[in-house]
Structures are given as C-alpha cells and as structure tokens.
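The first residue in the sequence is number 1, and the count goes up from there. Whatever order the structure lists ligands and atoms in, that order sets their numbers, starting from 1.
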Amino acid sequence: MNAHPAAPLPPLHNDRFLRACLRLPTDCTPVWLMRQAGRYLPEYRATRDQAGSFMGLATNPELACEVTMQPLRRYDLDAAILFSDILTVPDAMGLGLSFAAGEGPKFAHVVRDEAAVAKLAVPDMDKLRYVFDAVRTIRRELTDANGVGKVPLIGFSGSPWTLACYMVEGGGSDDYRLVKTLMYQRPDLMHRILEVNADAVALYLNTQIEAGAQAAMIFDSWGGVLADGAFQQFSLAYTRRVLTQLKQSHNGVRIPHIVFTKGGGLWLSEIADTGCDVVGLDWTMNLGKAREMVGDRVALQGNLDPNVLFAKPEQVEAEVIRTLDAFGRHDARSGHIFNLGHGISQFTPPESVSVLVDTVHRHSRTLRG
Ligand code: CP3
C-alpha cells in the first residue's frame, strides 16, 4: 500500500533506497542498477568460471553472496540485489532449466497443453532453499558487528506473465507466438498457469522476505509485448494477485514492493493503482511526465537507456543529469530511485558505471532544498 510517513525502517548506515521507495526525504537520489552483478565485471566472470556455470553460481550461497557484493565494492551503490534468476521458480516446478553457454535459458519441459497445465503446482519452497540461504548469507555479509546493515538487500521474482512466457516458449522468444497462441486459443489454460504462477511467486517472495530481503521487486519484463486489454487481463491482474498476498512488513519493518513492466509506460496509471510502492520505468518514458501522472501514489525507479553507458564519460554524465532533471526538484513526498531502463549490458565498460553513480549522487543534491 502507499507509503506511511512513520514507516519504521531497519537499522542501516545507508537507508536512502528504502526512504525513496517510501517517499521520505533523502539527501540525494539513491542508485542501483538492474543486473549490477554480471558479466560486464571481470571479477564476476572469474567467480562464474570458478562455479562452472551460471546455475552452479546461483545455487551456491557463498558464491552468490560473493557476486552480489562485487559491484558494491567497486561503486557507491545504495542497494544490493540478490544474485539469482527469475527462472528458478519454473525450474522448481520441475521444468528443468539450463543455460547453454552463449544461448540463453532453456527448459527441458514446456507447458503448452492441457496435460502439462494439469501437472503444474506451487513448488515446495525447499527446492528453492539455495535462494533463501543466499539471502541469509548476503544479509550476514552486509551487517556489521553492531547489527547495522551497509545498504538494504532487494529480493525479486519474475511476474506471473513473464514466467509463463518462458514456460510456454521453452526459452527466450522474438515473437511470443506460442505463448500468445495459447492465450488466444485457450484462455482457460493460460489463466490456470497464471494462477499457479501468482501463488508461487507470492510464496517465493514472502519466503525471501522472511529470510531477510528488505524490498521485493517483480520483473514483468515481457508485459509490454501484450495488447491493451490483454495486458490488464493476463499480466496486471496476476501481478495484483501477487501484491495482495505479499507481506507489507516483517518484524515490524516496512517492506516496499516494486513493479517493473518493460514497455509498460502506456499503462503507468493502472500499474500505480495496484498497491505497489514503486513503479520501475524503461527509457521510453519521461520521468517528469510520469511523476505528474502518478502524483503521490508511488515512487518511480529508472530510467536511463543502458546503451548510454557506451558513450564517452562526459556524455554519460550529461545523460544522467538530463534524467535527474526530467524528474525535477524534490519535495516532501517525492521519491525517485535512479536505475537503468533495463538490465546493464555485458559489454558495458565498468568505468561508465562509476561516472553514472557519482553523477547521480552529486547532481541530485542540487535538486533538493
Ligand atoms: O540484477 C541483478 O544483479 C540480480 C541478478 C539477476 C539476474 N537475472 C542474473 C542473471 C536478475 C534480477 C535477473 C532477472 C531476469 N532473468 C529477468 C528479468 C529482468 C530482465 O532482464 O528483463 C529475466 C527476463 C531473466 C531471464 C534470463 N536470465 C535470461 C534471458 C538470461 C540470459 C540472457 C543473458 O543476459 O545472458 C539469464 C541469465 C542471467 N541471469 C545472467 C545473469 C547475470 C547472465 C548469465 C551468465 O552469467 O552466464
């Protein structure tokens, strides 16, 4: 639900991210990056090689913790994000996830007919124990001897619709032909998949929160491929079904909920009405116009084009400033978390990220007071 002015925050050296999620005043704009732990960092590639594969890395809590911490050692980031993947949930449903080198995700079993849909069920969370162990390990690593955390830890899941895309297609897709065929031909089966996914995602996120995740983000990466009308029925309704089940607080501390729909700008107002605390935006939106549209319903997260990071340092700086200025000056109830409009590219020069983070903190101070 919407921010509560007296929302209790956990003990943190840097709580800017949580404050911005709840639209409480901050000294400057917090920043983190989607896929901040990843292949653009040489130290990530070294740890992944040590683990043998992406899933070897994600299922080893010590190594997952190590790669979660790597970007925080290099950059002055305001949040950590659990190192895992959205596809761990369908994997736990028995679909058999693998990542072939350079090929993207693949499922051994797909869900395209009545028989496969009938077999779907919310997975036993014990199959995802490695994720919750990673959350606990990361929280321990982030916490000092006095029990005070460095920055908050974000937990995440895919949205019911985005997970369904992979479960039906069996991997990535350019045209979403198979998942849309099922949706238009057999909406009853599609709704059944989405119901199971929504309940699985809610349980998965609540278990992450109980293990120590301090915010929960839903990635609706493929919501934007849907037609108007279909988006509301097949994506948004099930994101809402997740949100209504999510824990709003844990041990008396508020847990903000973030919804990121890539290509969801057209439906911004409807997304802001789901009861989430923060809406993530891709780079197609103007942050100032988005702010006007949502008023004080939600905070906004985003939205620099990840490809800006391929430009020269002074150009990166100028684009970051443009994004901060588009959001505008801060008032008592504004909330902006700086991020990219989608995940960081594996080809990004690491130096560009330093310029981005430092510019966000420096320039955003001038937009306050
Ligand atoms: O943000 C973070 O640093 C946390 C880690 C994270 C990963 N995936 C690690 C990862 C998060 C939040 C995700 C989410 C995710 N995974 C999404 C939603 C966000 C988005 O990008 O839209 C989606 C759609 C996926 C599915 C997925 N995982 C794909 C399509 C791929 C292969 C494509 C690619 O970039 O290689 C992955 C693999 C993956 N997940 C990698 C990482 C760092 C790269 C694999 C590797 O290291 O070999």
Please work out which of [options] has its closest non-hydrogen atom nearest to [atom].
atom                    : options                     : result
atom 27 (C) of ligand 1 : Thr88, Thr68, Thr162, Asp85 : Asp85
atom 35 (O) of ligand 1 : Arg48, Gln36, Arg39         : Arg39
atom 47 (O) of ligand 1 : Phe99, Trp32, Tyr44, Tyr40  : Tyr44

Is [X] salt-bridged to [Y], cutoff N-O under 4.0 Å?
X      : Y      : answer
Asp78  : Arg19  : no
Arg368 : Asp27  : no
Lys150 : Asp144 : no
Glu195 : Arg192 : yes

Number the atoms of ligand 1 from 1 as they appear, then name those within less than 4.0 Å of a heavy atom of [X], with their elements.
X      : value
His342 : 20 (C), 21 (O), 22 (O)
Phe219 : 12 (C), 18 (C), 19 (C)
Ser84  : 5 (C), 6 (C), 7 (C), 8 (N), 9 (C)
Pro105 : 29 (C), 30 (C), 31 (C), 32 (C)
Met34  : 1 (O)

key: ligand 1 N/O within reach of Arg35 N/O, cut-off under 3.5 Å   = yes
request  = Ignoring angles and geometry beyond distance, decide whether Phe54 reaches within less than 3.5 Å of ligand 1 through its nitrogen or oxygen atoms.
outcome  = no
Quick one: does [X] get within less than 4.0 Å of ligand 1, heavy atoms only?
X      : value
Ser221 : yes
Arg45  : no
Leu82  : yes

note = Rounding to 0.5 Å, atoms OG1 (Thr68) and CD1 (Ile154) come to a distance of 11.0 Å
ask   = With distance as the sole criterion, is a donor-acceptor pair present between the side chains of Arg112 and Thr181 under 3.5 Å?
value =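 No.
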key: Option among Arg322, Arg362, His363 that satisfies the side chain to side chain donor-acceptor pair (under 3.5 Å) test with Glu317   =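 Only one of Arg322, Arg362, His363 forms a side chain to side chain donor-acceptor pair (under 3.5 Å) with Glu317, namely Arg362.
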message = Between Phe219 and Phe156, is the ring centroid distance below 6.0 Å?
response = yes
key: Ring centers of Phe83, Phe54 separated by less than 6.0 Å   = yes
query = For atom 11 (C) of ligand 1, which protein heavy atom lies nearest, and how many Å away is it?
reply =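 The answer is Phe156 CZ, 3.6 Å.
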